[in-house]
Chemist: 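First the structure, then my questions, so here it is.
Along the sequence shown, the residues carry numbers beginning at 1.
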Amino acid sequence: MYEEDDYLMLSGLQHFAYCRRQWALIHIEQQWAENERTVDGQLFHTIAHNGSRIEISYSMV
């Protein structure tokens, strides 16, 4: 029988389908680090689900 730690997370399937390198960094090497763009993406995702509207802007350096 498999141990629970051996199971694949459903989010891992999405990461694998989107980008195999991203999947490996997150699920195998555990080297993923949040940055400005990933935080923005999480915020936009939350807004999409709760119906809020806000504007976010940042300048590219």
Chemist: Share the residues that join L25 in a hydrophobic cluster, the rule being Ile, Leu, Val, Met, Phe, Trp or Tyr side chains under 4.5 Å apart at the heavy-atom level.
Modeler: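 Listed partners: none, L25 stands alone.
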Chemist: Is T46 reaching over with its side chain to a backbone N or O of Q42, donor-acceptor style, under 3.5 angstrom?
Modeler: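 Yes, because the side chain of T46 sits within donor-acceptor range (under 3.5 Å) of the backbone of Q42.
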Chemist: Which residues satisfy the side chain to side chain donor-acceptor pair (under 3.5 Å) test with E4, sequence neighbours excluded?
Modeler: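 By the side chain to side chain donor-acceptor pair (under 3.5 Å) rule, E4 matches no residue at all.
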Chemist: For residues 8-28, which residue pairs qualify under side chain to side chain donor-acceptor pair (under 3.5 Å), counting only residues two or more places apart or in two chains?
Modeler: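 Qualifying pairs: H15-H27.
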Chemist: For R37 versus N35, what's the shortest heavy-atom pair and its separation?
Modeler: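 The answer is N-OD1, 2.9 Å.
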Chemist: Apart from M1 itself, what residues make up its hydrophobic cluster when side-chain heavy atoms of I, L, V, M, F, W and Y under 4.5 Å apart count as a link, directly or indirectly?
Modeler: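 Noted: M1 shares its cluster with no other residue.
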Chemist: Is the count of non-hydrogen atoms from other residues, nucleotides or ligands lying under 6.0 Å from I28 atom CD1 greater than 12?
Modeler: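 More than 12 within 6.0 Å, yes.
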